[in-house]
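Reading through the structure tokens given below for one structure.
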Amino acid sequence: METIENLKNEVKENSGVKTSGSLAVIDALLSEKVATIFGYPGGAIMPIYDALYDYQNNLNHILVRHEQGAIHAAQGYARVSGETGVVFATSGPGATNLVTGLADAMIDSTPLVCITGQVFAHLLGTDAFQETDIINITTPITKWNYQITDATEIPEILAKAFFIAKTGRPGPVLIDITKNAQLQIFDYKGYRPCIHVRSYRAEPIIRNEYIEKAASLINQAKKPFVIFGQGVLLGNAEKEFIEFIEKGGFPTAWTILGMSAIPTDHPLGVGMLGMHGNYAPNFLTNECDVLIAIGMRFDDRVTGRLDKYAKQAKIIHLDIDPSEIDKNVPVTVPVWGNCKQTIPLLTALIEEKKHPEWFNEFEIRKDKEFNTLINKELHPSEGELTMGEVLQVLNELTNGDAVIVTDVGQHQMVACRYAKQNNSRSNITSGGLGTMGYALPAAIGAKFGAPEKQVVAIMGDGGAQMNIQEFGTIMQYNPNVKILILNNRFLGMVRQWQELFHEKRYSFTDIQSPDFVQVAKGYGIDGKQISKREELRSSLKQMLDHSSSFVLEVAVAQEDNVFPMVPQGKGVAEIVLTKEEI
């Protein structure tokens with residue numbers, strides 16, 4: 001087997017002589033130490049696939065069953081590994097099938113480089129077969145995109161693509177390469193990684209005067225409250241963050257995408273923010289005197305009504321993206337910069353404290369939520385199975401060490417509320433876009449990104465059918481993904497809103513599904529269906545212990561609702577624990 005260095009030497013021997021555009025693409029990927037590509041071939045990208053043929057031992061290509069599956073798999077890979085995900089797709093429908101994933105990656109700050117084939121340059125604008133203007137289509141949903149029509153641009157543009165995708169606030173980049181550029185033979189001078197792009201500042205300048213102002217506010221606070229998002233994970237700042245909150249003794253809550261940056265059972269952790277987050281952190285957002293927001297963007301699901309959000313508090317906002325500061329919530333002190341650098345500067349200036357009386361307010365409301373809701377959800381004594389108790393037993397069996405990949409809907413909220421997580425980058429979900437069909441391909445990608453970890457994909461019966469074709473990818477590559485389908489025979493989250501706000505007018509949310517286990521068996525994947533409480537623990541253990549991928553379909557209560565809930569149009573302090581309070 002040839003080594004990567006041997007392969008790169010082959011290219012270097014041609015440096016300054018003659019090389020094809022397609023081979024230059026392959027060399028760029030090798031130089032960027034790409035390990036895995038998710039893709040689907042087609043006519044316009046065929047020359048790149050032909051070049052890839054000789055490099056199969058060094059670049060692992062996963063043939064998905066749909067391009068949307070490819071980009072969600074690349075997202076899962078990037079989120080769990082911290083590396084840049086790479087996608088190949090052909091022109092026209094192949095490229096447009098990436099659009100949902102690009103939008104998802106853009107809003108969730110996931111680093112991707114998507115390489116699409118395009119028709120010959122002389123055919124651009126002629127409505128040629130499988131021609132689509134993917135550049136204009138994807139401009140609003142990519143961090144950067146570019147169309148290459150001349151092979152001499154390939155090394156520099158791909159170097160820029162990887163640099164832009166992974167630096168600063170990460171995001172997706174799409175590079176469209178015409179077929180003539182892929183085939184073109186040109187004088188190749190080698191690949192040089194990019195370290196600077198004119199007019200692009202990856203990270204803003206850190207201003208010490210703002211660090212000092214923030215520290216002064218924190219040191220004066222009687223009721224400080226830290227809320228954090230994915231920026232802590234993206235900045236690889238978990239260690240620095242924990243040192244900060246432990247020195248200050250701050251109650252600390254996370255967004256959905258911030259989850260797993262600290263262990264969910266950390267003594268300073270007070271739970272999840274958001275529409276279906278925990279009661280105490282939502283309610284007490286409007287009681288704190290200093291709110292310290294780190295690596296989060298004040299999304300509407302976190303804030304509720306902005307005119308009722310934390311009006312009493314001085315707000316400190318740490319973020320790498322200056323455009324997020326003052327965008328939704330007016331800030332008292334902005335702290336620009338990568339939180340891996342800014343947090344230690346702040347930690348050095350804050351006083352070591354504890355806040356027992358303030359923490360007691362969280363404990364009182366935590367107990368209220370547990371007694372009113374959580375205990376019944378996690379430990380029901382009768383009736384149909386609940387999603388919460390499935391998560392509770394899963395926690396006991398995995399001890400919080402599994403990577404949990406969720407789809408979108410009620411099961412997502414339940415999983416993010418109750419999943420125990422001890423390790424960083426172990427909560428993979430579609431946050432900002434809320435993309436159904438995300439979990440199955442993202443779990444496949446996550447397993448390739450972290451093959452040593454147990455990966456469990458949790459999905460509802462609706463989302464499970466949106467990318468069910470990726471069972472074929474599992475069949476071909478056997479990534480050993482555990483698939484847990486919580487089947488309530490409804491599009492559950494929409495049904496919940498119809499029940500609570502539309503007088504139970506269940507308009508087209510009663511969904512019929514196939515026998516998921518039989519479908520999986522058609523792809524050579526083992527599985528099991530259960531509906532009884534006494535079967536739950538042994539069946540989950542069977543799934544986790546199985547030597548390869550496994551589908552466990554669990555029938556859960558049809559009309560179960562996810563609470564607490566901040567009703568639409570309400571403030572975070574108006575969070576309710578039961579539907580009777582709405």
Side-chain angles (χ1 to χ4, degrees), residues 25 36-49 52 61-79 84-108 110-119 124 127-148 161 165 171-179 182 407-408 430 432-445 448 459 462-477:
V25 171
T36 303
I37 304 161
F38 302 91
Y40 203 94
I45 200 171
M46 202 177 298
I48 291 176
Y49 270 90
L52 182 62
H61 180 279
I62 306 302
L63 175 65
V64 296
R65 297 304 184 264
H66 191 286
E67 290 88 356
Q68 186 177 348
I71 194 164
H72 290 330
Q75 286 178 273
Y77 180 93
R79 291 272 291 276
T84 301
V86 177
V87 179
F88 282 176
T90 194
S91 65
T96 58
N97 281 342
L98 300 179
V99 166
T100 297
L102 287 168
D104 195 293
M106 185 68 175
I107 201 166
D108 281 356
T110 305
L112 301 178
V113 171
C114 299
I115 297 172
T116 54
Q118 184 57 273
V119 301
L124 290 172
D127 293 333
F129 178 67
Q130 291 192 334
E131 181 202 356
T132 301
D133 184 356
I134 198 63
I135 295 299
N136 278 315
I137 288 172
T138 61
T139 294
I141 54 171
T142 52
K143 192 176 176 185
W144 183 56
N145 65 12
Y146 189 88
Q147 185 175 77
I148 296 174
V173 171
L174 183 139
I175 304 302
D176 194 45
I177 308 178
T178 58
K179 196 168 184 178
Q182 297 171 49
D407 214 83
V408 171
S430 171
L433 197 65
T435 304
M436 291 177 67
Y438 174 91
L440 184 58
I444 294 170
F448 281 105
M459 59 195 79
Q465 295 180 73
M466 284 202 170
N467 273 311
I468 199 169
Q469 77 283 339
E470 297 310 323
F471 278 163
T473 306
I474 293 174
M475 174 181 66
Q476 184 163 351
Y477 297 99

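We use all heavy atoms of the structure for the numbers below, so side chains are in, but hydrogens, waters and symmetry mates are not. Counting from 1, the numbers follow the sequence of the chain as shown.
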query: For Asn467, which residues count as a side-chain hydrogen bond (donor to acceptor under 3.5 Å, both in side chains) partner, sequence neighbours excluded?
result: Gln469
Output the distance between atom [atom1] ([X]) and atom [atom2] ([Y]), rounded to the nearest 0.5 Å.
X      : Y      : atom1 : atom2 : answer
Gln147 : Leu174 : CD    : CG    : 10.0 Å
Gln118 : Asp176 : CD    : CG    : 4.5 Å
Ile148 : Thr116 : CD1   : OG1   : 9.5 Å
Leu440 : Ile474 : CG    : CD1   : 5.0 Å
Leu102 : Leu433 : CG    : CG    : 11.0 Å
Ile115 : Ile45  : CD1   : CD1   : 7.0 Å

- request: Please test Met466 against Met459 for side chain to side chain contact (heavy atoms under 4.5 Å, CB included), starting from the C-alpha separation and ending with a verdict.
  value: CA-CA 11 Å; Met466 284 202 170; Met459 59 195 79; over 6 Å; no
Indicate the atoms forming the closest heavy-atom contact of [X] with [Y], along with that distance.
X      : Y      : answer
Ala439 : Asp407 : N-OD1, 2.9 Å
Thr90  : Gly42  : OG1-C, 3.5 Å
Pro441 : Glu470 : CB-CG, 4.2 Å
Ala74  : Val87  : CB-CG2, 3.5 Å
Ala165 : Leu112 : CB-O, 3.6 Å
Tyr40  : Tyr49  : N-OH, 3.0 Å

Mind checking whether [X] and [Y] have side chains closer than 4.5 Å, heavy atoms only?
X      : Y      : value
His66  : Asn97  : yes
Leu63  : Tyr477 : yes
Val119 : Lys179 : no
Gln130 : Pro93  : yes
Tyr146 : Ile135 : no

- request: Using the six-membered ring wherever Trp is involved, compare the ring planes of Phe38 and Phe448 and label them parallel, tilted or perpendicular (cut-offs 30° and 60°).
  value: perpendicular
message: side chain to side chain contact (heavy atoms under 4.5 Å, CB included), that's the test. Do Thr435 and Gln68 meet it? Break it down for me.
response: CA-CA 11 Å; Thr435 304; Gln68 186 177 348; 4.0 Å; yes
Verdict with supporting geometry, Tyr77 and Ile444, side chain to side chain contact (heavy atoms under 4.5 Å, CB included): CA-CA 8 Å; Tyr77 180 93; Ile444 294 170; over 6 Å; no
- request: May I ask you to decide if Gly472's main-chain N or O and Gln476's side chain share a donor-acceptor pair within less than 3.5 Å?
  value: no
